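Below is one structure, written out as structure tokens; comments come after it.
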Amino acid sequence: VSMWYLRCMLMVDPMESKVCGSRLFAEIFESVCMHDNIDLRINACCALLSLIHEDHEDEMISATEGGLLARALMLCLGAESEELVEVSSELTAIIIYRAVRFVGDIIDAKDSIRTIVSCMIRNDGKPDIICNCCMILASIVALHDDDDLPLIIEHGGLSGIVNIMDNYSENRVVIENSSKALRDIVKGTPSECLPPNLFKTIMNVMEENIGNPDVMSSLLETIWHLSSRESEYVDHFSTQQAISSIIETMNLNIPDVNVQSGGCAALWSLAIHGDNKHLIGNCGGLESITNSLMAHLDSGLTALKNLATTSKNKQTIREYGGEEAIVYSMRFHNESEEILSSAFAALNNIAVDIRCKTVAPAPNEVFDILIAAMVKYRFSESVQTNACFLLKSYTFSDENLAVMKARTEDFMSLLTTAAGTFPQQCGDKVGHIMDSMLDLT
């Protein structure tokens with residue numbers, strides 16, 4: 001009765017917990033462990049849920065008390081009472097997720113995975129419990145090392161999640177949590193251990209949830225991980241249907257940075273295989289990546305660089321304003337040497353068409369950005385190397401070379417410094433640039 005009263009009191013005023021302090025937590029922990037009293041355990045779990053939703057400092061999740069509580073909750077997951085399983089699974093999902101951020105390891109995953117997976121499969125018709133179990137597994141993968149992944153697979157966790165996605169593809173909450181768990185587990189799972197119906201499941205869920213950015217970002221990241229391997233999944237996703245689905249997802253979720261990042265990564269990964277560069281270009285992927293770059297200023301640089309290796313793609317990127325988008329990104333991210341370096345590499349691939357033996361005129365502001373970057377990041381190998389590579393390419397265009405000659409004084413000291421600091425990476429390129437600017441070639 002007292003625990004039921006406490007549960008009601010905390011639901012009305014969670015701040016009452018501040019009055020009782022650690023004594024209250026100790027009593028609740030003890031009640032959760034009372035294996036012979038289901039009602040007491042349910043009320044204790046509900047009382048604790050009220051407390052941890054309110055307690056933003058996470059003082060109750062200590063390495064000791066949190067571990068004891070987690071082990072007690074593992075036992076609750078195997079109970080016959082649906083109400084106890086539901087509330088204990090919700091509580092477990094919260095404390096393990098928050099422990100990942102604030103405390104660290106509070107459970108022995110090797111002893112717990114079987115219990116969690118069994119609970120998830122046994123309660124297949126109960127969406128709330130399924131969601132909680134998916135969140136628990138995702139947190140375990142994030143917290144523990146790769147040794148736990150084989151256990152999740154061995155006990156049927158991955159195939160169970162895929163089956164849940166098949167059965168609940170239209171349930172927003174279930175599909176959001178199961179797709180996140182799928183993403184985290186697939187990342188470290190060998191291809192031969194993946195369920196045979198995984199590709200079909202991903203495509204079906206994408207079709208039914210294309211407007212849900214939480215689901216789509218997880219699935220696009222999963223596709224990225226799958227397509228970056230030399231496996232059958234490269235062939236699965238290298239079809240017009242699959243690539244068009246990725247592009248359509250990006251087009252419908254432009255404001256969401258996670259969708260755009262996942263979509264660009266997936267297209268970048270697929271672009272290195274077979275004839276996918278042409279297929280991505282023909283399906284409208286170049287416009288989507290350019291729009292992503294314009295909206296978020298860093299998504300898509302590497303994808304554009306990889307895709308800008310065919311004459312048609314180079315022309316299409318320029319027509320859709322890809323070069324201007326890159327310049328805009330460089331201007332906004334002038335403090336990021338990684339983005340500047342990637343941007344210089346992308347511009348180089350777009351500008352130079354070896355097959356047609358042409359070099360496109362440099363976009364406005366590029367030379368100003370190049371000079372500023374070479375000054376600021378004079379000791380960055382990637383920035384100096386890619387900047388010199390781009391400048392060397394620009395010398396093969398009379399229009400670009402004329403602009404560079406007009407700024408000879410600006411460039412000479414920077415080029416000399418680059419060649420002296422990184423002779424192996426920049427020496428030959430700088431020699432060609434200087435000879436061209438001084439009419440020695």
Side-chain angles (χ1 to χ4, degrees), residues 183 186-192 194 198-199 202-203 206 216-251 258-293 296 298-318 320 322-323 325-326 329 338-356 382 385-386 389-390 393 425:
R183 174 199 63 196
V186 162
K187 188 187 307 183
T189 302
S191 298
E192 60 270 18
L194 297 171
L198 179 58
F199 169 74
I202 290 174
M203 295 303 297
M206 285 184 68
M216 291 297 101
S217 60
S218 296
L219 292 182
L220 289 172
E221 191 172 340
T222 302
I223 293 173
W224 170 41
H225 292 306
L226 291 172
S227 59
S228 63
R229 311 174 183 184
E230 291 294 339
S231 70
E232 62 186 271
Y233 287 95
V234 173
D235 295 332
H236 286 327
F237 290 108
S238 297
T239 63
Q240 183 170 344
Q241 178 193 6
I243 288 175
S244 295
S245 294
I246 295 171
I247 293 168
E248 184 181 3
T249 300
M250 293 175 65
N251 292 342
N258 293 321
V259 170
Q260 298 305 314
S261 177
C264 289
L267 293 177
W268 161 74
S269 184
L270 287 167
I272 64 177
H273 298 286
D275 197 40
N276 286 342
K277 290 177 183 177
H278 295 94
L279 186 55
I280 291 169
N282 293 338
C283 290
L286 301 172
E287 182 180 9
S288 298
I289 295 171
T290 299
N291 289 338
S292 177
L293 185 57
H296 301 287
D298 53 1
S299 298
L301 281 173
T302 306
L304 281 182
K305 180 188 74 172
N306 279 11
L307 287 161
T309 55
T310 71
S311 297
K312 184 178 179 181
N313 282 359
K314 293 173 192 286
Q315 180 180 349
T316 302
I317 291 170
R318 286 195 292 269
Y320 284 129
E323 289 178 307
I326 294 172
S329 175
E338 180 181 358
I339 289 178
L340 289 170
S341 177
S342 296
F344 294 153
L347 283 174
N348 186 76
N349 280 4
I350 295 170
V352 180
D353 191 332
I354 295 176
R355 187 175 69 83
C356 296
S382 62
T385 300
N386 287 337
F389 198 2
L390 180 58
S393 296
Q425 296 81 4

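Quick caveat, the model's predicted, so the values are computed rather than measured.
- Counting only distance, with no hydrogens or angles, the side chain of T239 and the backbone of D235 share no donor-acceptor pair below 3.5 Å.
- At a threshold of 4.5 Å between non-hydrogen side-chain atoms, the residues S238 and L279 do not count as touching.
- The shortest distance between side-chain heavy atoms of L198 and T222 does not fall below 4.5 Å.
- A donor-acceptor contact shorter than 3.5 Å is absent between the side chain of S244 and the backbone of Q241.
- In this structure a side-chain-to-backbone donor-acceptor pair under 3.5 Å is present from S269 to S227.
- No donor-acceptor distance shorter than 3.5 angstrom exists from the side chain of R318 to the backbone of E323, with no hydrogens or angles considered.
- F237 and F199 have perpendicular rings, their planes meeting at more than 60° on a 0 to 90° scale where under 30° would count as parallel.
- For the side-chain contact (heavy atoms from CB on, under 4.5 Å) with L220, the qualifying choice from I202, N258, T249 is T249, the only one to do so.
- Here the CD1 atom belonging to I246 is positioned 7.5 Å from the CE atom belonging to M203, to the nearest 0.5 angstrom.
- In this structure, R183 and H225 approach most closely via the heavy-atom pair O-CD2, 4.4 Å.
- Listed for the N313 side chain is no donor-acceptor partner under 3.5 Å among the backbone atoms of G281.
- Here L304 contributes atom CG and N349 contributes atom CG; the two are 10.0 Å apart, rounded to the nearest 0.5 Å.
- In the displayed structure, Y233 atom OH is contacted under 6.0 Å by more than 12 heavy atoms of other residues, nucleotides or ligands.
- Contact of the M250 side chain with the C264 side chain is registered, since non-hydrogen atoms from C-beta on lie closer than 4.5 Å.
- Atom OG in S342 sits 7.5 Å away from atom CG in N386 (nearest 0.5 Å).
- Considering every non-hydrogen atom in both T302 and W268, the closest pair reads CG2-NE1, 3.2 Å.
- Rounding to the nearest 0.5 Å places CG of L340 at 12.0 Å from CD1 of I326.
- A side-chain donor-acceptor contact under 3.5 Å links K314 to the backbone of A308.
- Checking S288, S217, S292 one by one against Q260, the side-chain hydrogen bond (donor to acceptor under 3.5 Å, both in side chains) holds for a single residue, S292.
- Note that CD1 of I354 and OG of S311 are 9.5 Å apart. Values are rounded to the nearest 0.5 Å.
- Considering I317, L286, N282, D353 as possible partners of K312, the one that fulfils the side-chain contact (heavy atoms from CB on, under 4.5 Å) test is N282.
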Side chain to side chain donor-acceptor pair (under 3.5 Å) between N276 and H273, intermediate numbers included: CA-CA 6 Å; N276 286 342; H273 298 286; over 6 Å; no
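- When atom types are taken as modelled, the side chain of N291 and the backbone of E287 share a donor-acceptor pair closer than 3.5 angstrom.
- By the 6.0 Å contact criterion, CD on E192 is enclosed, its count of non-hydrogen atoms from other residues, nucleotides or ligands being greater than 12.
- To the nearest 0.5 angstrom, L226 atom CG is 10.5 Å from L219 atom CG.
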